[in-house]
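In what follows, chains are A, B, ... by sequence order, proteins preceding strands, each numbered from 1. Being a predicted model, the structure only gives us computed values, none of them experimental.
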Amino acid sequence: MATTDNEVKELIKREYEHGFVTEIESETFEPGLNEDVIARLSAIKKEPEWMLEWRLKAYRRWLEMDEPDWAHVGYPKVDYNSISYYSAPKRKEDMPQSLDEVDPELLKTYEKLGIPLHEREKLAGVAVDAVFDSVSVATTFKEPLAKAGVIFCSISEAVHDYPELVKKYLGTVVPQGDNFFAALNSAVFSDGTFVYIPKGVRCPMELSTYFRINAANTGQFERTLIIAEEGSYVSYLEGCTAPMRDENQLHAAVVELVALDDAQIKYSTVQNWYPGDEEGKGGIYNFVTKRGACIGKNSKISWTQVETGSAVTWKYPSCVLRGDNSVGEFYSVALTHNFQQADTGTKMIHLGKNTTSTIISKGISAGKSSNAYRGLVKFGPGAEGARNFTQCDSLLIGDRCGAHTFPYIESKNKSAIVEHEATTSKVSDEQMFLCRQRGIDPEQAVSMIVNGFCKEVFKELPMEFAVEAGKLLEVSLEGSVG
Amino acid sequence: MLSIKNLHASVEDKEILKGINLEIKPGEVHAIMGPNGSGKSTLSQVLAGNEAFEVTSGEVTLNGENLLDQETEERARNGVFLAFQYPVEIPGVSNLQFLRTAVNAMRKHKGEEDMNAAEFMKLAKEVSKQVDLDPAFLKRGVNEGFSGGEKKRNEIMQALLLQPKLAILDETDSGLDIDALKVVSDGVNALRSEDRAILMVTHYQRLLNHIVPDYVHVLAGGRIIKSGGRELALELEEKGYGWLGIKDEASN
């Protein structure tokens, strides 16, 4: 029977759907980074003194740090002085007070992206905070959330309005000097989202943020901080897109989650930054630090990610399981195509007693791409009875791509239990032949097989995201049959 | 309906089919018998368009249209169906989703509207009963963890759903116990119709007790060396392949 790849037929490729540029008057800093730039950024945002100090401290740490090179990715070094660290749509007046005041051009952009921003439209219970380049544009559903005592606003607003909360938690999960990109983000973060769920409150709706990089030569450095007080619950979704540009753009975000006693945070990402073209030109560098701290007992943090975009991805959403009986979960689908490179995975740090974690990672490689899973499972001396289950599956499409698995396990507690399962498979000629023999298009067949492969992760996504994720895979895989 | 003329095909430069000639009219059931390694399965795969096999010469037409220059999926949409000897698993893809995608691909080809999930569920349940499969299996992954018999019944169910013009059944009887054989045969007999041709590839004559063919051909060394009616199969059962001067590799 067929053992070689016979499904050779380069099919017409659809272009990156979100590759449009919005014509909008924007205020953009000259490229370059120094203490003056940070001071100017802080001044524009009318930040209090402590915030500026915090940024400068991070900047000084960053200057002493080297860009990490241990990831299984290769890219030309970024010139941090050729990037603009602030770009904002220019506003006629001050901040818009409601959606009606938001620039219609901007709203059109979101419409094109299919974002349910306008409350009257398909919003279906999703509150959206939309970050365009560097600033937060509009936040919907503020009122019903406020009624429940939930704070959902841009991080800039939070610095003004809830300084005590920000001061208390900012940098506690991802310290300023945690790593090169986190330090850079801490110095120059321009906006992002702040969520606070009070004690005992179940957030009445899914919260959602859409990020978009529009301006050329800008970096996006958003910062997200989510705090779930005792016994509370929140589900948060983020989606990302960027226009097609020949040059690479940098995205270095930091996300910090804090779960107190009995609190639960579910964080879902559909990342579709521009991946570059078929020759590997352009695309986003996605260097992101995401970490959640289960500081309370019986708390739970779940990360679910569907990563299809970006030229280079360097991302390890992690959980620090400090509270006894706390639970960490990581469900990931990472798809690379053409010349995309991804080095992604998670860290589960078990510190408390009877802490448990689950890692389900599905890597799909097509074209000439490279896809690596890198995961650390660590048990501290106090992690009595802790347990981890890891399942790491790779699917290869074609024979020019690569899949790699780098699992690390460190245990300082003899009672800890680790299970690790890993598989590598290919979309086989036999599977393709069966599908095509039943009249199914080759591309549709690949998409169906890949969706089946990802099923365990997709079922963790909120409904509307699961549908989007399935479609996204289909688009991202176009031209992969070959 | 199906016309095969002087068909030669090879795999990895080894010639397997060495000049097959065969005509099948609508409504007819033909059985291809022969020892292992004679090229029976290759013929089925080549007709369905498996790209692992290279057609080196000859022609095949279905209702006058050249089959060989069509892609696998085009042949399927034009009415060629292959019931696989060893159906492959597709983990995580539900049988229901797979079948509906296939049915809708065919409908699209005919310019018909997609069948929605509810309509399809109803149809699939009916057809699954015909081959004695519990409708619960529709929710399972394609062939995932199916027994040999379930896989074969699933293949016949697909033929019933897709209503092909030419159904090729590749060793559909292999690995079936007598009860399962009866169920599968009933399914195949339900497929028989005046405007459909059926080509059965089988090593054993026992299937032909249940599905009575109009013609029987003996394939050996990549050629059809003898053709006849139903009685040829019975003769083969009685005398084996030896009297035709063929060595049955399976019996070595």
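- By number of non-hydrogen pairs under 4.5 angstrom with chain B, the leading residue of A:Q431, A:K455, A:Q437 is A:Q437.
- Counting heavy atoms from C-beta outward, A:L434 and B:F98 have side chains that approach closer than 4.5 Å.
- With values rounded to the nearest 0.5 angstrom, A:F433 atom CZ is found 5.0 Å from B:Q45 atom CD.
- Between A:E430 and B:Y86, every side-chain heavy-atom pair lies at or beyond the 4.5 Å cut-off.
- Options A:C454, A:G452, A:S425, A:C435 differ in how many heavy-atom pairs under 4.5 Å they form with chain B, and the most are formed by A:G452.
- Atom CD of A:Q444 is separated from atom OG1 of B:T101 by 5.5 Å, given to the nearest 0.5 angstrom.
- Of the possible polar contacts, none joining the A:R438 side chain to the B:A102 backbone as a donor-acceptor pair under 3.5 Å is found.
- Annotation: B:E65, atom CD; neighbour count of heavy atoms from other residues, nucleotides and ligands within 6.0 Å does not exceed 12.
- Remark: A:D441 CG to B:E71 CD distance equals 10.0 Å, nearest 0.5 Å.
- Residue B:A76 comes nearest to A:G439 through the heavy atom pair CB-N, 3.5 Å, listed as atom of the first residue, atom of the second, then distance.
- In this structure, A:I440 and B:E73 have side chains that are not in contact, with every pair of non-hydrogen atoms separated by 4.5 Å or more.
- Heavy-atom contacts from other residues, nucleotides or ligands closer than 6.0 Å to NZ of A:K290 number more than 12.
- A 6.0 Å sphere centred on CG of B:D13 holds no more than 12 heavy atoms belonging to other residues, nucleotides or ligands.
- Using a 4.5 Å cut-off between heavy atoms, B:N143 touches chain A through its side chain atoms alone.
- Ionic pairing of B:E74 and A:R436 is not present here: no N-O contact between side-chain nitrogen and carboxylate oxygen is shorter than 4.0 angstrom.
- Interface residue B:I90: backbone and side-chain heavy atoms are both found under 4.5 Å from chain A.
- The contact between B:V80 and chain A is made by backbone and side chain atoms together, counting heavy-atom distances below 4.5 Å.
- For B:R107, the CZ atom sits in a packed shell: over 12 heavy atoms of surrounding residues, nucleotides or ligands are nearer than 6.0 Å.
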